[in-house]
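Residues take their numbers from the sequence shown, with the count starting at 1. Hydrogens, waters and symmetry mates play no part in the numbers below; they use all other heavy atoms, side chains included. Bear in mind the structure is a predicted one, so any value in this text is a computation, not a measurement.
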Amino acid sequence: TTTTIVVASVKACYCTEARQEADDAHFAFLEVSPISGRTHQIRVHLASLGRPLVSDPLYSSDLFSSDSRWCSRLFLHCSRVAVRDVDGRMCRAVAPLPSGLTAALRTLRRTGAEASTDQL
């Protein structure tokens with residue numbers, strides 16, 4: 001599922017595109033692309049939809065304490081970026097999910113599996 005989030009004001013309009021990779025009752029793993037950008041745009045847009053980032057002390061302060069027990073950092077990662085250099089050549093970089101976020105996902109999946117087993 002792809003969702004385009006548009007936030008408009010008198011001064012400007014900012015867009016973010018989000019594609020859902022996985023979802024459960026409490027969490028969703030998203031691939032997000034800011035179409036036009038501002039500081040904190042992804043964080044603000046997702047929080048405005050009631051889906052704040054994990055371990056976000058600014059836009060999800062009410063969940064930060066519980067989130068930070070299993071995810072020690074803001075769960076936001078730039079997996080790929082492309083920019084043009086001064087000569088107009090396209091430069092691309094790709095980065096895997098950092099080990100800390102991979103560990104947080106494992107913890108979340110393990111906890112979810114335990115919760116599912118408890119309901120049987």
Can you tell me how far apart [atom1] ([X]) and [atom2] ([Y]) are? Round to the nearest 0.5 Å.
| X | Y | atom1 | atom2 | value |
| --- | --- | --- | --- | --- |
| Arg106 | Thr102 | CZ | OG1 | 6.5 Å |
| His45 | Leu53 | NE2 | CG | 12.0 Å |
| Phe75 | Asp67 | CZ | CG | 11.0 Å |
| Arg92 | Arg80 | CZ | CZ | 11.0 Å |
| Ser79 | Leu101 | OG | CG | 11.5 Å |
| Ser60 | Leu46 | OG | CG | 11.0 Å |

| Student check: side-chain heavy atoms of Arg73 and Pro98 closer than 4.5 Å |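 Yes; the side chains approach each other to less than 4.5 Å.
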| query | Are Val54 and Leu108 close enough that some pair of their side-chain heavy atoms sits under 4.5 Å apart? | reply |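 Answer no - side chains too far apart.
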| Taking the six-membered ring for Trp, are the ring centroids of Trp70 and Phe64 within less than 6.0 Å of each other? |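 They do not qualify: ring centres at least 6.0 Å apart.
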| message | Test side-chain contact (heavy atoms from CB on, under 4.5 Å) on Leu97 and Leu105; report intermediate values, then the result. | response | CA-CA 10 Å; Leu97 197 62; Leu105 275 178; 3.6 Å; yes
Taking all non-hydrogen atoms of both residues, which atom of [X] and which atom of [Y] are closest, and how far apart?
| X | Y | value |
| --- | --- | --- |
| Arg43 | Leu58 | NH2-CB, 3.6 Å |
| Phe27 | Arg51 | C-NH2, 3.1 Å |
| His77 | Pro96 | NE2-O, 3.0 Å |
| Ser55 | Cys71 | OG-O, 2.6 Å |

| task | Measure from the side-chain N and O atoms of Asp85 to the backbone N and O of Asp87, and report whether any donor-acceptor pair falls under 3.5 Å. | result |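 Confirmed, Asp85 side chain pairs with Asp87 backbone.
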